[in-house]
2 protein chains.
Amino acid sequence: MRALTHPSRENLQLASVFHALSDLVRLEIVRQAAVREQSCAALSVNVSKSTLSHHLRVLREAGVTRTKIEGTHRYVSLRREDLDARFPGLFDAVLRILDTSTDDTSADDGAGAESP
Amino acid sequence: MRALTHPSRENLQLASVFHALSDLVRLEIVRQAAVREQSCAALSVNVSKSTLSHHLRVLREAGVTRTKIEGTHRYVSLRREDLDARFPGLFDAVLRILDTSTDDTSADDGAGAESP
DNA sequence: CAGATAGTTTCACATCTGAGAAACTTTAGA
DNA sequence: TCTAAAGTTTCTCAGATGTGAAACTATCTG
């Protein structure tokens, strides 16, 4: 249990990465993790703990994120270097799109009312 | 039935596009369609007609491909302009990766011996 | 019209998926 | 040591997914 499974860089599969990105909750996690490393609790997506844990596993096992254990916390970060090495340009585009997008990927409560 | 459903450019959803790209058969179709417009029969992926039809529908309904009817043939092409407008840089990266990749996305046998 | 061709749709089925409740595992702290 | 905190795992369940056989639709050609 302690050792979380992370696929090696060479084993990253394009289809698996796309599958990991094919869910709104996970896209939102990716967006938040891209900004800075996040503890699971710090991620604002409103799903239950177990569901969040499930999504984090999908992302981790696809090689999109890395989970670092520190005490009782898990810190989630994007594997930018590995992803960029294996899939050049892909996450540059993905993150730019997530940043630009009309936030229809937002799965959190956040009152949602942006547009200043 | 005649009118195939194609989402409008504004309705293209990132998660749906990623879902469409999360299957090896569909990635192979995208790769081949990117080279030039293809009739369904010309696509070399070894799955049955019905399964191929299913995959083409997923791609079409996600807005990744466009299907043009001409006589008894359906011609499948990538919606590059719409995809590029909505998701800048994404397909530049995806197609480059598919081109560069070690062909682990290939779902055909190469000998082209279809199912009878 | 009859037959061939090119796909789609329907059906059935096994597998996968996302969801949360509840129980469990660690680790930190009083 | 007892307890709270932070996640994970197990369980269950409804719904989606990929697959191909078979039936159907539509078009072209003789």
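Throughout, protein chains are lettered first and strands after them, A, B, ... in sequence-line order, and every chain is numbered starting at 1. In what follows, every heavy atom counts, from backbone to side chain, and hydrogens, waters and symmetry copies are set aside.
- Applying the salt bridge (charged side-chain N to carboxylate O under 4.0 Å, His left out) rule to pairs touching residues 52-62 of chain A yields A/Arg57-A/Glu61, sequence neighbours excluded.
- Looking at B/Arg80 and B/Asp92, a side-chain N of the basic residue comes within less than 4.0 Å of a carboxylate O on the acidic one, giving a salt bridge.
- Between A/Arg26 and C/dG18 there is a side-chain polar atom (N or O) within less than 4.0 angstrom of OP1 or OP2.
- Across all strands, B/His54 comes closer than 4.0 Å to base atoms (heavy-atom distances).
- Distances shown here put a side-chain N or O of B/Ser48 below 4.0 Å from the OP1 or OP2 atom of D/dG20.
- Residue B/Lys68 contributes atom NZ, which lies 17 Å from atom P of C/dA6 at whole-angstrom precision.
- In this structure, A/Lys49 places its NZ atom 10 Å from C1' of C/dC24, rounding to the nearest Å.
- Here D/dG18 is the nucleotide among C/dG20, D/dA6, D/dG18 with the atom lying nearest to any side-chain atom of B/Asp23.
- Scanning all heavy atoms of the two residues, the minimum distance from A/Pro88 to B/Ile97 falls at O-CD1, 4.0 Å.
- In this structure, A/Ile69 atom CD1 and D/dA6 atom C1' are separated by 11 Å, rounded to whole Å.
- Against DNA chain C, the stretch residues 57-66 of chain A makes no heavy-atom approach under 4.0 Å.
- Closest to the B/His73 side chain, of the nucleotides C/dA6, D/dT19, D/dT8, is C/dA6.
- Nearest approach of B/His6 to B/Arg79, heavy atoms of both residues: CB-NH1, 4.0 Å.
- The side chain of B/Ser50 approaches D/dA22 more closely than any other nucleotide in the set C/dG7, D/dT19, D/dA22.
- In this structure, A/Leu4 places its CG atom 12 Å from C1' of C/dT26, rounding to the nearest Å.
- Contact check, A/His19 against D/dT17: no side-chain N or O comes under 4.0 Å of OP1 or OP2.
- Between the B/Arg74 side chain and the B/Thr67 main chain, no donor and acceptor come within less than 3.5 Å of each other.
- Residue A/Leu56 contributes atom CG, which lies 15 Å from atom P of D/dA6 at whole-angstrom precision.
- In this structure, B/Ile29 places its CD1 atom 12 Å from C1' of D/dG18, rounding to the nearest Å.
- Looking at A/Thr72, its side chain has no donor and acceptor atom pair within 3.5 Å of the base of D/dA5.
- Atom CD in B/Glu28 sits about 16 Å away from atom P in D/dG18, given to the nearest Å.
- Between A/Ala34 and A/Leu95 the shortest heavy-atom distance is CB-CD2, 3.6 Å.
- Residues B/Val76 and B/Leu59 have side chains not in contact (no heavy-atom distance under 4.5 Å, counting atoms from C-beta outward).
- Per the geometry, CZ belonging to A/Arg74 stands 8 Å off P belonging to D/dG7, to the nearest Å.
- Heavy atoms only, all atoms of each residue included: B/Phe87 and B/Leu14 are closest at CZ-N, 3.7 Å.
- Of all nucleotides listed (C/dA19, D/dT8, D/dG20), D/dT8 comes nearest to the side chain of A/Ser53.
- Each end of the helix from C/dC1-D/dG30 to C/dA30-D/dT1 gets its own rotation axis from five pairs of C1' atoms, and the angle between them is 10° to the nearest 10 degrees.
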